[in-house]
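Notes follow the structure.
Numbers for residues simply follow the sequence, beginning at 1. In each ligand, atom 1 is the first atom listed, and ligand 1 is the first ligand listed.
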Amino acid sequence: MDKIFIDGGKQLAGSVDISGAKNAVLPIMASALIANGKSVISRVPKLRDTYTMIRLMEIIGAKCSFKDDILTVDGTSVNNPEAPYDLVKTMRASFYVLGPLIARFGYVKVSLPGGCAWGPRPVDLHLKALEKLGAKITLKSGYIIAKADKLIGKTIDLDFPSVGATGNILMAAVTAEGTTIINNAAREPEIDQVCKYLISMGANIKGSGSSKIIIHGVEKLHSANVEIIPDRIEAGTFLAAGAILGKITLNKLNPKHLVSVINNLQEIGCEIETTQDSITISPADIIKPFDLKAEVYPGFPTDLQAQWMAIMILAKGSSKVTDMVYYDRFSHIPELNRFGANIRLNKNTAYIDGVKILKGAPVMSTDIRASASLIIAGLAAEGVTEVSRIYHIDRGYEKIENKFKLLGAEIWRENKL
Ligand code: EPZ
């Protein structure tokens, strides 16, 4: 089993390039299923999740070829609207095939995504919305079966601006009869890119990136090419390391997607310089404590909550971290405390008393972003850290140790029992 080892306490310096965004490429790959013909998707990150989605697309019948960071998807031969449990259980985002396949076939069978480390994570908003568009939905042996002769556009008021539900509604509604309005839609940049991609395939969508999206159904879509936006969560992860460990520059990103993150980093004492497509961060001399609330976009992303905690454990004073999106996304706390951090949890708020130093320790990853926080803590800790179950981190980061090595870290991967 591969593990990542870190000999910590080294200053970071230099620059790295940011990859394409995982949370944009997955729904965009699903969107390509709506149309016949070849779509060329560029700047595709080589992640475990990307390969899982390719496997799913091939099971559904699409032809995929992936070379360097270019993925070609041919949706012409798509003929099997089913997403099996074995794949969906490894990646919730597989549920993104629900919208495209019911739009294309009027029928789809998708395994219900199981729970995850942070609780139930239901898909009720996805299903309620599709029912509103006229789909008949049944649950059979853990599979959702959705049928509709023709989807009819309707107004959908989302109880919560769910990223996944907004994505599935968009992909289902683009060829529905009439107009669909999504109120309280997700505004994440990844969903904005899905809208823009669907428009490039011939869809008629207004309000992309806002909380009210209007979709006028069209007859059919055609294939189209797209370059994936930069991964703001990967960028935020490196910024968190820079906030503690050294002046670094991140290139090939969009600072506009990171406004809340940049503001908070400046609040705790970091210096930030931005250009159109890069951010340079200089660490705080003394990290100031800060009470954070993780929220939906444009608020501070929940996917950076754990990495932010890895900074706050070294702050001079006490701070709080509250997650307003996932009530119990805190499986990283007991692992961070193994480094000598001082974190207590009460409901969806963590209470952190900053410490002066961290000591390297063997720790275990529990999910993608939790493992990123352990790597940051390991880079800051004195001595050696051993991170296990790193298949989690490979789901969301392209060989993360190579990029940290470029910044001067002593970090390596080893196949060890
Ligand atoms: C997307 O997940 C991201 N995944 C997640 O990133 C991210 O944490 C999340 O959005 C929030 O920003 C991808 O884009 C592939 P949601 P998604 O639907 O779509 C509740 C990472 O680390 N909810 O916006 O699953 C839900 O339980 C991953 O890259 C319902 O109650 O998130 C949660 O509390 C982790 N019913 C909240 O809404 C529903 O039908 C947000 O979920 C749907 C969601």
How far is [atom] from its nearest protein heavy atom, and which residue and atom is that?
{"atom": "atom 19 (O) of ligand 1", "answer": "Gly164 N, 2.8 Å"}
{"atom": "atom 25 (O) of ligand 1", "answer": "Arg121 NH2, 3.1 Å"}
{"atom": "atom 5 (C) of ligand 1", "answer": "Asp303 OD2, 3.7 Å"}
{"atom": "atom 12 (O) of ligand 1", "answer": "Thr302 CG2, 3.9 Å"}
{"atom": "atom 35 (C) of ligand 1", "answer": "Trp118 CH2, 3.5 Å"}
{"atom": "atom 39 (C) of ligand 1", "answer": "Pro122 O, 3.1 Å"}
{"atom": "atom 14 (O) of ligand 1", "answer": "Asn23 CG, 3.1 Å"}
{"atom": "atom 22 (O) of ligand 1", "answer": "Arg369 NE, 2.8 Å"}

Polar contact flag for [X] and ligand 1 (N/O pairs, less than 3.5 Å):
{"X": "Ser162", "result": "yes"}
{"X": "Leu125", "result": "yes"}
{"X": "Glu188", "result": "no"}
{"X": "Val325", "result": "yes"}
{"X": "Val163", "result": "yes"}

Atom indices of ligand 1 within 4.0 angstrom of [X] heavy atoms, with elements:
{"X": "Arg92", "answer": "25 (O)"}
{"X": "Arg329", "answer": "8 (O), 22 (O), 35 (C)"}
{"X": "Lys22", "answer": "21 (C), 29 (O)"}

Which bit of [X] is near ligand 1, meaning a heavy atom under 4.0 Å away: side chain, backbone, both or neither?
{"X": "Asp124", "result": "both"}
{"X": "Met91", "result": "neither"}
{"X": "His126", "result": "both"}

Exercise for review: State plainly whether the residues Lys252 and Asp17 are in salt-bridge range, i.e. N to O under 4.0 Å.
Suggested key: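 A salt bridge links Lys252 with Asp17.
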
Check your understanding: Under the 3.5 angstrom rule, does the side chain of Gln193 hit a backbone N or O of Ile229 as a donor-acceptor pair?
Key -> yes

Review point. Are the side chain of Glu295 and the backbone N or O of Pro301 linked by a donor-acceptor pair below 3.5 Å?
Key: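 Side chain of Glu295 to backbone of Pro301, a donor-acceptor pair under 3.5 Å: no, none is there.
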
Do [X] and [Y] touch side chain to side chain, with heavy atoms closer than 4.5 Å?
{"X": "Phe5", "Y": "Glu410", "value": "no"}
{"X": "Ile59", "Y": "Asn80", "value": "yes"}
{"X": "Met324", "Y": "Asn348", "value": "yes"}

Revision key, fill the gap. Test side-chain contact (heavy atoms from CB on, under 4.5 Å), reference Leu12, set Ile248, Ile281, Leu406, output is Ile248

Practice item. Test Leu87 against Arg55 for side-chain contact (heavy atoms from CB on, under 4.5 Å), laying out the working first. Key: CA-CA 8 Å; Leu87 278 180; Arg55 275 213 311 286; 3.4 Å; yes

Practice item. Anything under 30° is parallel, anything over 60° is perpendicular, the rest tilted; go ahead and classify Phe95 against His126. Key: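 Phe95 and His126: perpendicular rings.
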
Check your understanding: Yes or no on side-chain contact (heavy atoms from CB on, under 4.5 Å) for Lys154 and Ile152, after CA distance, side-chain angles and deciding distance?
Key -> CA-CA 6 Å; Lys154 286 276 186 322; Ile152 312 290; 3.8 Å; yes

Exercise for review: Quick one: list whatever passes side-chain hydrogen bond (donor to acceptor under 3.5 Å, both in side chains) with Lys63, sequence neighbours left out.
Suggested key: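 Per chain and number, Lys63 pairs via side-chain hydrogen bond (donor to acceptor under 3.5 Å, both in side chains) with Ser77.
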
Review point. Can you find a side-chain donor-acceptor pair between Ser373 and Gln307 that sits under 3.5 Å?
Key: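 No pair is found: no donor N or O on one side chain lies under 3.5 Å from an acceptor on the other.
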
Check your understanding: Heavy-atom distance to atom 26 (C) of ligand 1: which of Tyr327, Phe160, Tyr326 wins?
Key -> Tyr326

Practice item. Return yes when Gly396 approaches ligand 1 closer than 4.0 angstrom through a heavy atom, no otherwise. Key: no

Review point. Would you say Lys128 contacts ligand 1, with heavy atoms under 4.0 Å as the rule?
Key: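 Lys128: no contact with ligand 1 (<4.0 Å).
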
Check your understanding: Could any protein non-hydrogen atom be found less than 4.0 Å from atom 43 (C) of ligand 1?
Key -> yes

Review point. Can you pull the ring-ring contact (aromatic ring centres under 6.0 Å, His included) pairs that have at least one residue in residues 40-83, sequence neighbours excluded?
Key: Tyr51-Phe66

Check your understanding: So, is the end of the Lys109 side chain (NZ or CZ) under 6.0 Å from the ring centre of Tyr143 and within 45° of the ring's axis?
Key -> yes

